[in-house]
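Data first, discussion second: the structure below is written as structure tokens.
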Amino acid sequence: MRKKTYLRLVEVSTEQSQRHLQEVRSIHSEMRGFKHDFRHHLLTLKGQIEAGQYGRAIEYIDRLDGDLASLDTLLKTGNVSADAILSAKISQAKAENISVSVKATVPDGLKINDVDLSIVLGNLLDNAIEAAKNSHGDKFIRLYIAPKGSMLYFSMLNSSGKKLVKKDGLFASSKDGFHGFGLKRAKAIIEDHGGWIKYNSEDEAFTTEFLVPVL
């Protein structure tokens, strides 16, 4: 790999890792804030009901329900790190009006460390969100993660635009020319842990699949 390309890969990887961390912190901060305010909400509702202000209480509950919608993406996969990064990315995707379907079970105490797992999942979801956001027709991401023996299996299908072509091992992008750096970073981490990963681009769809030893 040319030095310039390598340095750009490191730069993009660092930027993505920092962004993933900030997204995780943001959703956790929002959750802590709601938990802190929960008792106040109950006291307010109790007072409104005792005063016979039932319509006002219902309006208050409706507003709370809207606030909770942003927390509905919190996953319970069995792995705290996976929960955090997946929840943040799903929230981001839904904010872009992307339909997200997830079925995920991720064991705790994985052989792959939390940092590497977060980078892989974050980069792959970033790619899927970008592609789905710019696709025509239905915008969707369908994600499946589950253990298979001592391996962790990951499969994702997302809407996309026209079929992408590779250049110097990266998928070309009309956005900034570095669309494939996140995919390349994820591939390097998975292979470093003795696994394999493959990508496939077709018109209107992009698929990602990997298998990595984890237990």
Side-chain angles (χ1 to χ4, degrees), residues 12-35 67-133 135 138-148 151-160 179 181-190 193 195 197-199 205-215:
V12 170
S13 178
T14 301
E15 291 172 354
Q16 290 173 332
S17 298
Q18 292 173 342
R19 186 172 67 254
H20 296 162
L21 178 60
Q22 184 56 43
E23 289 166 349
V24 170
R25 285 175 175 170
S26 176
I27 196 170
H28 277 190
S29 176
E30 189 176 358
M31 291 169 59
R32 285 196 302 270
F34 190 85
K35 181 179 179 180
D67 292 339
L68 280 170
S70 63
L71 299 179
D72 283 344
T73 56
L74 182 63
L75 292 180
K76 295 293 183 182
T77 68
N79 182 286
V80 175
S81 296
D83 291 347
I85 191 65
L86 289 175
S87 296
K89 293 302 177 184
I90 291 171
S91 179
Q92 181 183 341
K94 290 188 174 181
E96 298 288 350
N97 295 316
I98 299 170
S99 173
V100 183
S101 172
V102 180
K103 185 175 181 181
T105 301
V106 183
D108 202 6
L110 301 179
K111 180 180 178 182
I112 182 172
N113 63 64
D114 290 345
V115 174
D116 283 350
L117 180 64
S118 294
I119 290 174
V120 170
L121 295 179
N123 281 337
L124 296 181
L125 265 296
D126 273 348
N127 182 78
I129 291 170
E130 180 188 338
K133 183 173 63 177
S135 65
D138 293 337
K139 303 178 187 297
F140 65 86
I141 296 174
R142 297 170 188 165
L143 176 63
Y144 175 79
I145 310 175
K148 287 193 174 184
M151 311 286 280
L152 184 68
Y153 176 70
F154 174 103
S155 175
M156 181 166 63
L157 170 68
N158 60 266
S159 56
S160 184
H179 181 76
F181 273 112
L183 300 183
K184 195 173 186 70
R185 176 66 171 146
K187 183 174 185 292
I189 291 174
I190 291 298
H193 285 276
I197 187 169
K198 63 180 180 181
Y199 308 114
F206 190 94
T207 58
T208 304
E209 192 176 26
F210 74 67
L211 197 64
V212 62
V214 291
L215 302 178

Return the [atom1] to [atom2] distance between [X] and [Y], rounded to the nearest 0.5 Å.
X    : Y    : atom1 : atom2 : answer
I85  : I119 : CD1   : CD1   : 9.5 Å
L124 : T208 : CG    : OG1   : 5.5 Å
R185 : N123 : CZ    : CG    : 8.0 Å
F210 : L121 : CZ    : CG    : 6.0 Å
E130 : N158 : CD    : CG    : 10.5 Å
Y144 : M156 : OH    : CE    : 15.5 Å

Looking at side-chain heavy atoms only, is the closest gap between Y199 and N127 below 4.5 Å?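 Not in contact.
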
When you look at NZ of K187, are more than 12 heavy atoms from neighbouring residues, nucleotides or ligands closer to it than 6.0 Å?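 Counting neighbours around NZ of K187, 12 or fewer heavy atoms of other residues, nucleotides or ligands fall under 6.0 Å, so no.
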
Heavy-atom pair of closest approach, residues [X] and [Y]:
X    : Y    : result
P213 : H193 : CD-O, 3.4 Å
P147 : L152 : N-CD1, 4.1 Å
D116 : I112 : CB-CG1, 3.8 Å

Report all side-chain donor-acceptor pairs from residues 95-111 shorter than 3.5 Å, counting only partners two or more places apart or in another chain.
none

Given V120 and I197, is the side chain to side chain contact (heavy atoms under 4.5 Å, CB included) satisfied, shown in steps? CA-CA 11 Å; V120 170; I197 187 169; 5.5 Å; no

Begin from the C-alpha positions of L143 and L86 and carry the test side chain to side chain contact (heavy atoms under 4.5 Å, CB included) through to its verdict. CA-CA 10 Å; L143 176 63; L86 289 175; 3.9 Å; yes

Can you list the steps and then say if D126 with Q92 is a side chain to side chain contact (heavy atoms under 4.5 Å, CB included)? CA-CA 9 Å; D126 273 348; Q92 181 183 341; 4.3 Å; yes

Let me see the working for L157 and F140 under side chain to side chain contact (heavy atoms under 4.5 Å, CB included), right down to the final yes or no. CA-CA 8 Å; L157 170 68; F140 65 86; 3.9 Å; yes

